[in-house]
Amino acid sequence: MAAVQDGPIELEPENEIKTETSNEVLGNPGDASGGVPPTAPVAAVATEKPAAAAADSTERQTLLAVLQFLKKSKLFESEEILRREAGLLNEIGDSQGSGAGGAGLGGGGDAEPESGDASSLLSRVAGAAATASANATPAPAKVTPVVTGGEDQPDVNVVLAAYSQQGDPVLYPVYYSGLKRFIDSVLDCHRAELSQVFYPLFVHMYLELVYNQYEKEAKAFFEKFHGDQECYYKDDLRILSGLTKKEHMKGNETLLDFRTSKFVLRISRDSYQLLKRHLQERQNNQIWNIIQEHLYIDIFDGMPRSKGQIDSMSGSLAGEAKREANKAKVFYGLLKEPEIEVPLDDEDEEAENEEGKPKKKKPKKDSTGSKSKKQDPNAPQQSRIPLPELKDSDKLDKIMNMKEATKRVRLGPESLPSICFYTFLNAYQGLTAVDFTDDSSLVAGGFADSTVRVWSVTPKKLRGVKTAGDLSLIDKDSDDVLERIMDEKTASESKNLYGHSGPVYGISFSPDRNYLLSCSEDATVRLWSLQTFTCLVGYKGHNYPVWDTQFSPYGYYFISGGHDRVARLWATDHYQPLRIFSGHLADITCTRFHPNSNYVATGSADRTIRLWDILTGNCVRIFTGHKGPIHSLAFSPNGKFLASGATDGRVLLWDIGHGLMIGELKGHTDTVYALKFSRDGEILASGSMDNTVRLWDALKAFDDIETDDFTAATGHITLPENSQELLLGSYMTKSTPVIHLHFTRRNLLLGAGAYNP
Amino acid sequence: MADREERKFAEVPRDSVKLMAESVGVELSDDIAAMLAEDVCYRLREAAQNSSQFMRHAKRRRLTVEDFNRALRWSNVEAVCGYGSQDALPFRPLKEGELYFVEDREINLVELALATNIPKGCAETMVRVQVSYLDGKGNVEPQGAVPTAVQSLTDDLLKYYQQVTRAILGEDQQLMKVALQDLQTNSKIAALLPYFVHVVSGVKSVSHDLEQLSRLLHMVKSLVQNPFLYLGSYIKSLVSSVMYCILEPLAASINPLNDHWTLRDYAALLLSHIFWAHGDLVGGLYHQILLSLQKVLSDPVRPLCSHYGAVVGLHALGWKAVERVLFPHLSAYWSNLQAVLDDDSVSNAQVKADGHKVYGAILVAVEKLLKMKAQSRSVPAEGSVAVRERSFPGLSPPQEPVSEPGFGIASHLLQGAAGVPAEEPVPVPLPVMYRELYAFFGDSLAVRFSTGPGIEPRASRAAPHQPPDSKKEGMGPDTTRKMPQLTASMTISPRQDSSPKNEPSLPAVQNSSAAPSRFQRSSSSSLQRSKPPPSKAAQRSAGPPREVFQKSRFPLPPATAPFSFLIAGRQTGRRCQGRRFQTSFPQLHPPNPSAQPPRGYAHKLPVIGRMGKPIKRWVCSQYSLHLPL
């Protein structure tokens, strides 16, 4: 509903502007196309009517703001029409006051003073409304055009109709180069900020030309100015350059992304005033309109940002994240470990004694035990998300884990981990995903031929459970019943799991090693039992290929994300998703659980990372800065930081609590497909298509950044150029792309990849 | 997607669109063609764009036809078929006129089906681990090298392949040994496996040449024992080659001077070894092989050498196979064999000699069957020493805990083979079986029960140290053929070649003199066993079998070996008249004292390989991916 509602809000003014401009430019040949849009908005408004009747006060405020704008612009006729349509006939007198109220409501987040004129207020209000609706509606932009076809495509038509205004195509380059001249002439400190406007302006002007079928002009415009754009937009520019016909615009997802979401820019107040003054002086309506309609300008007080600061944050499909998007509190602390230490210590001690080992480890263990008992102030409540209870086997596993942890190697710049590489040989069918169990005893591979294979990497072979008939013969009270139920005849080093009907793109072991998840091009996620080596459930919900899936660190929940641009949270015993996280503007390429299981991070092809709160389903962080689709994510073990790797070969580090980018690791020359922090978080390992594993000094990267209040408040961070200092080592594989990395409990680094000549 | 100025994507010219339209009989105006061309370009770019996504998620650098088709499918466009080939399709110009086309040759399906060239790269997917960097420092291998285990066929490998095959099939014995040894231990020949298998499958073309056949079998053995090779589906081809050597009436068998018996024995030994070491791979074949052996055995038209092969083959597959196939067929088969053995005419001499071979083989197989059956009966839990010692108090020498190898094989197979029922439908009780068999073999069966190889402890450990060659030389081929049954009994124990690590050199059958050596060993053991009077043993055999074992095994005076002995058999079967035959032969060598293990009863036992465990452990450790973490 809210998606539809966007239509009239944005449309009405445009409609008027259209008539206005067409009055100016007489004898325009494109009049025929101008006939289409009026029908579309009317239809849209008509469908809107019942909804509008029940509209809450926010919507009403928005309408009033629009009316106010129309009145101010002396567009009385349109004002009249809108008023009639919206049924606000008798509220003329109120319009002034409630308009201000609306502005206050919309600008509440920015603490915007009243100095901005009505139109800037308006843009703010509209923007706020749009974001509110975008956040509230789970309806993904992607799904709508596919589901609806033919006439009832309000979304697409409405969106495209926005381009129906008819400026003189010849003047477009003039306008653009005029603005360019102006921005080149302003003071250096403002130039970088104002330059951000170029790219969205360029795209929208080009699309307007294409939409109005000025093919030649559009081409010429593209030729003339595409060289000015930042190099990190080249992928999008390539798509744009292919788009030369109005008909093509309908099915183009990139275009829809551009239209359905406002491009977000962050500009300091001074720079913005400069720009506004210039445009108003020049009566440069064309550009001013675009800025108002398609851009969201997030104005902040203070120093204009430098070019480097801007570049590090931009690059995503829809500009930067709004500041208020990253304001929500995130409980990034770890959950308290269950109190199984106390009895365990004795047991442990005994076991150690039996092995004839010295007892000196005791004090150390005690200290770790007491530390974990303290409640982390940043941690969520223990029961914030209902978590499954620990089984006996889980406790045993935790004991094992703690024992191993005492033997863990302390890593650091001086003591780098040893690396073992698991090479998949003869993987002619194409290895697409790998996962290790936490205890490094099993490795699973997903393949392009739809199979999933599980290998045991210890001498213990994989065994299935006996058949029901045989199981009934077993003495169920015997101590070794768990051993007895296994069928020795089925013991083998590897097992194949058949069930998918498309390449398996993601794979994840459950923490208790009883289950395996796999997601595939066939739009399903499957849950496999590692006891019987059969498929237990096929989770159907995604409509398109599922690119990644992962189990929660506490089991039971899992997350999946795919081509349909939504991430879904599932529980293994529910066949329908518990949460649907929508908001990304392009495919979700990778999904990761926060160590405390209360949040999930999703990386997307729209070059943003979002952090979602599982409890509320809200997006609590949007990280922009990557210049290519994100293909790997990793949380630091303490839950404070996030690392992300993308196709551009860069790894970015984020502070989750403050919502800031805090580091950039340059070095890889190809897509980073694997990221992993060492068990204590000192080292970050990254693996890439360029056949290397690189180790980075994570502690130093996190320490170097001092997040004082100012940077935390504004989010303007200057990244130290210290990639080379942080790089601890770069290790070549044997011509094998690295697609997975894993630290064993003792901090040995395992890599995996398929050798394909 | 090179990032050049502007023409960075496929352009379809208007003329191409027109041509396409013409080819389906539509006339297009220039305008329409131009518009269509532009649209086609756009759609192409769109599809390419979408398909790159599938490439990225498959973690590849190369866009494949499949990626493109997936993108088409998800945009509800029909996929383009026929371009999945790995090879590039050549795009050729036609000399006359400006016409270009994709070459599309006709393929002769029959030729393709019958082609003998082996496709490359069908090995099983596996995971290998290596420590790449220790404490962050590189190891000796250069960075960025290609992994060693799989490589496409490099020149080096090809050269290796040529050299090895030439050496194995060539004249030089020494060279052959080296080549086989290397084949057995080389870790880098995975890529050559299909080629070697192909060479081995050439057995049919050299069926006239025993020497070549046995060399090919050696090659099989080396391949089977190579711990670095995963045989996968190739094992089937190897097994069929081995079966060929066991069963087929080879061209070489026509000449009685050719010792094809040894070849069959060796092939059977190899078969049992394959089933033992690679039971997981060949499990499914077990039933099939049993059937084919049964078919040969029940076919009276087949020559006796084939029957012999069937019997040793069954023996190789373990006592359960003997029980299931040979035992039920025995009575039917016996009449045929009887006829051959009874015919004393000169023209029949050769056939009769062959008949004796078969007789001996059956005897050995049956003996094993009885012993194993007795053992499995008296030992309810598998191979528990304690139980056994209780049942033979004071009598049993220290036992190896694991049961017979034949049993091990059979049980393994029974587990692995899906179609095979776990137990035979009606197991014949042991006394009945013994009585029935006694009807055929008479005392010669009883004699063999005086001591059993089934309970002889690890005499074989000494075997590798026994220098057999010195004795072999003295033996003529004639003597060999006199005692086929004993030969068989020795050869077919898989433990014979138990620990390939200890005995990595050539198998014993490598030249034709190996068989005599085995004969020699076995005859010496038979000597000892033949000590109690046969009649006495026969008497006892009527009683419960346990008693037979106990008493017959009891007091054997050590090392008073006479220099000749008799095998006397009386066939008083239901259908046959009683028949006596005697074979006497000299004992050429006294038993080798050095070969005798020092303890307990072992000194009177013959030297037969007797180790179950070590091989298994060896196999496991080699295939494991275990990495001490």
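Every chain is numbered from 1, with letters handed out A, B, ... down the list of sequences.
- Nearest heavy atom pair, residue B/Arg70 against residue A/Ala448, reads NH2-O, 4.3 Å.
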Chi angles and distances behind the side-chain contact (heavy atoms from CB on, under 4.5 Å) call for B/His57, A/Glu521: CA-CA 10 Å; B/His57 281 282; A/Glu521 190 230 10; over 6 Å; no
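- In this structure, the portion of A/Phe447 lying under 4.5 Å from any heavy atom of chain B is its side chain and not its backbone.
- Partners of A/Asp438 by salt bridge (charged side-chain N to carboxylate O under 4.0 Å, His left out), not counting sequence neighbours, listed by chain and number: A/Arg679, A/Arg745.
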What do the steps show when you test B/Lys59 against A/Leu431 for side-chain contact (heavy atoms from CB on, under 4.5 Å), and what is the final call? CA-CA 8 Å; B/Lys59 297 171 172 115; A/Leu431 179 71; over 6 Å; no
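- At least one side-chain heavy atom of B/Phe54 sits less than 4.5 Å from a side-chain heavy atom of A/Pro545.
- Interface summary for chain B: among A/Asn691, A/Thr671, A/Thr589, A/Asp548, the most heavy-atom pairs under 4.5 angstrom belong to A/Thr589.
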Give the intermediate values and the outcome of side-chain hydrogen bond (donor to acceptor under 3.5 Å, both in side chains) for residues A/Trp547 and B/Gln53. CA-CA 10 Å; A/Trp547 297 133; B/Gln53 207 165 32; 5.2 Å; no
Between B/Arg61 and A/Asp670, is a side-chain contact (heavy atoms from CB on, under 4.5 Å) present by the stated rule, with each step listed? CA-CA 10 Å; B/Arg61 285 197 197 86; A/Asp670 208 331; 3.4 Å; yes
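- Looking at every heavy atom in both residues, A/Pro629 comes nearest to B/Arg56 through CG-NH2, 3.9 Å.
- Contact annotation for A/Tyr673: only side-chain heavy atoms (C-beta onward) come within less than 4.5 Å of a heavy atom of chain B.
- The number of heavy-atom neighbours closer than 6.0 Å to CE of B/Met55, taken from other residues, nucleotides and ligands shown, is above 12.
- Between A/Asn543 and B/Trp74 the shortest heavy-atom distance is O-CZ3, 3.5 Å.
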